[in-house]
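Predicted, not measured: the structure shown is a model, and the values here were computed from it. Protein chains get the first letters and strands the later ones, always in sequence-line order, with residue 1 at the start of each.
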Number of protein chains: 2
Amino acid sequence: MQATPRREKARAATIDEIKLTALRLMREQGTVDFRFADIARAMEMTPPALYRYFADRDELLSALIADAYNDLGEVVAQARDAVATDDVGGRFMAVSRAYRQWARKEPQQFALILGLPVAGYHAPVDGPTTEAAKRAMSQLSSLFMEAHTLGVLGPPRLRDVHPAIAACAEQKHQQTGVPVSAETFQAMLHAWSTLHGFAALEAFGHFDWIDEAGRDALFDGHARLAAETAGLPAPRES
Amino acid sequence: MQATPRREKARAATIDEIKLTALRLMREQGTVDFRFADIARAMEMTPPALYRYFADRDELLSALIADAYNDLGEVVAQARDAVATDDVGGRFMAVSRAYRQWARKEPQQFALILGLPVAGYHAPVDGPTTEAAKRAMSQLSSLFMEAHTLGVLGPPRLRDVHPAIAACAEQKHQQTGVPVSAETFQAMLHAWSTLHGFAALEAFGHFDWIDEAGRDALFDGHARLAAETAGLPAPRES
DNA sequence: CACTTCTGTAACGATGCTTAACGCAACGGT
DNA sequence: ACCGTTGCGTTAAGCATCGTTACAGAAGTG
């Protein structure tokens, strides 16, 4: 606990290795489950040694979930910030591609946070996971906010906004403090759902029958349509 | 095997009860995993007795997956057939609502077939599951075929169709024998992905912060946008 | 009564998570 | 250079459970 930076560093490295190994094993067997003993074996350690780093199997799982949220959030944020602030359409495309690529690359982490809960795990209420979740998911909504303040957010192709949705947006407004119109609220959720559907189907192997080039082109068109439908301006360049 | 209808009936009932119990347990614990012993306990039987009905844990799992595909396919087909043949837009809305409602009602079965594979299970290649999968998934595409033959399939809001997608549609044409334009192919996948995204996010609890009325309204607008974007005509009535 | 089908008991082998007690190595100060 | 402290990893064991097989008895069928 006191200043022993060498120890702390080694410990952090081991923790990272444990988490990485868990992810690798999950990836290898294609599931979102892992065994404490397997991780130890893969690291050429013995199972009890892991308890020096994680009090519990659930604690490791919680850490993995929190990391997944942070990873996704970071990847998305980086993609967003690589495009000019005023090119909202371009930013949306970048965010969309990052979301999809991350889901493709890390299907297990993707399933961990956006799929069905893992067996025997109960998320700690109000823990770090929910916090990270909000942070990651607010990226998309903030994009719509930016578009709104920039005045480039065209009207989404919506017939009418149901009063229940308006009430929902209002509630969200109360919680976050940021004013959000019902149309924007609905457009954002539409865009997220649309993106997520493609990413999830692809990440879980349901588009395996389409070759890679086709999938890439399909997703680009998919995201473009989502942006257009949600009322976002077209990206500046392809 | 020989004509003993009484036995056969009881046996079928027991098989059904086993599968229903497995689904109930999965639902209760909110996962897509189950234990043979738990099923036996819940049925007030002993684990070995189950082997009289399923040679293997995997065999039960395969049956559940096949059932899930059939369930989804049947529900969707019924919803589709409840709307007039020439009201393609209305049929699409019916199919969409059925897809979503099924995912909501049976998140476990939904995850079973459209989520990440279950731990320790390897799908038998070319078994009944893949067959059922194709049958269920072809419902949406057949809807677009109908629209195409009826001549009511408007142009989807697509800029241009990538050659890779055209090649993919052509390959699909070769396999199924049904001619499908690249635009229709892309529009169909766009619609499916869009629907699936909402259904998956909601089924896995990520829309729990939206009240039920709001979700209902959101989905209706979502599906309507998906239909419009894909070039399907508007439904005849709300 | 003969025969089939089912179900329970017992047991095997393996594996899992977790705790306790022991040895080793590195670290920090003297 | 030495020594106590600290943390890490191992071995050993406890405890529970799982999937599965073998065998014997019960129940239903004709």
**Asked** Taking side chain as C-beta onward, heavy atoms only, is A/D208 less than 4.5 Å from A/R215?
**Response** yes

**Request:** Specify whether B/F92 and B/F144 have parallel, tilted or perpendicular ring planes, treating 30° as the upper limit for parallel and 60° as the lower limit for perpendicular.
**Result:** perpendicular

**Message:** Just the rounded figure in Å: distance from P of C/dA26 to NZ of A/K9.
**Reply:** 17 Å

**Request:** Starting from the C-alpha separation in whole Å, work towards a yes-or-no answer on salt bridge (charged side-chain N to carboxylate O under 4.0 Å, His left out) for A/R224 and A/D220.
**Result:** CA-CA 6 Å; A/R224 226 177 282 270; A/D220 246 51; 3.2 Å; yes

**Message:** Show, in sequence, the C-alpha distance, side-chain angles and deciding distance for A/L140 and A/Y99, and conclude whether the side-chain contact (heavy atoms from CB on, under 4.5 Å) test is met.
**Reply:** CA-CA 10 Å; A/L140 245 191; A/Y99 191 90; over 6 Å; no

**Prompt:** So, is the end of the A/R57 side chain (NZ or CZ) under 6.0 Å from the ring centre of A/F34 and within 45° of the ring's axis?
**Reply:** yes

**Prompt:** So what does A/F54 touch, heavy atoms closer than 4.0 Å: a base, only the sugar-phosphate, or nothing?
**Reply:** nothing

**Request:** Check B/R52 against B/R11 and note the closest heavy-atom contact, atom names and distance.
**Result:** O-NH2, 2.9 Å

**Item:** Plane angle bin for A/H222 and A/F198 - parallel if under 30°, tilted between 30 and 60°, otherwise perpendicular
**Value:** tilted

**Prompt:** Quick one, which residues of residues 14-25 of chain B touch DNA chain D with a heavy atom under 4.0 Å?
**Reply:** none

**Asked** For the pair made of CG in B/L50 and C1' in C/dC6, what is the distance, rounded to whole Å?
**Response** 12 Å

**Asked** Less than 4.5 Å apart, any side-chain heavy atom of B/F207 and any of B/L218?
**Response** no

**Fill in**
For nucleotides 15-24 of chain C, 5' to 3', base contacts (B), sugar-phosphate-only contacts (S) and non-contacts (-) with protein non-hydrogen atoms under 4.0 Å give -SSBB-----

**Prompt:** For the pair made of CD in B/E44 and P in C/dT7, what is the distance, rounded to whole Å?
**Reply:** 13 Å

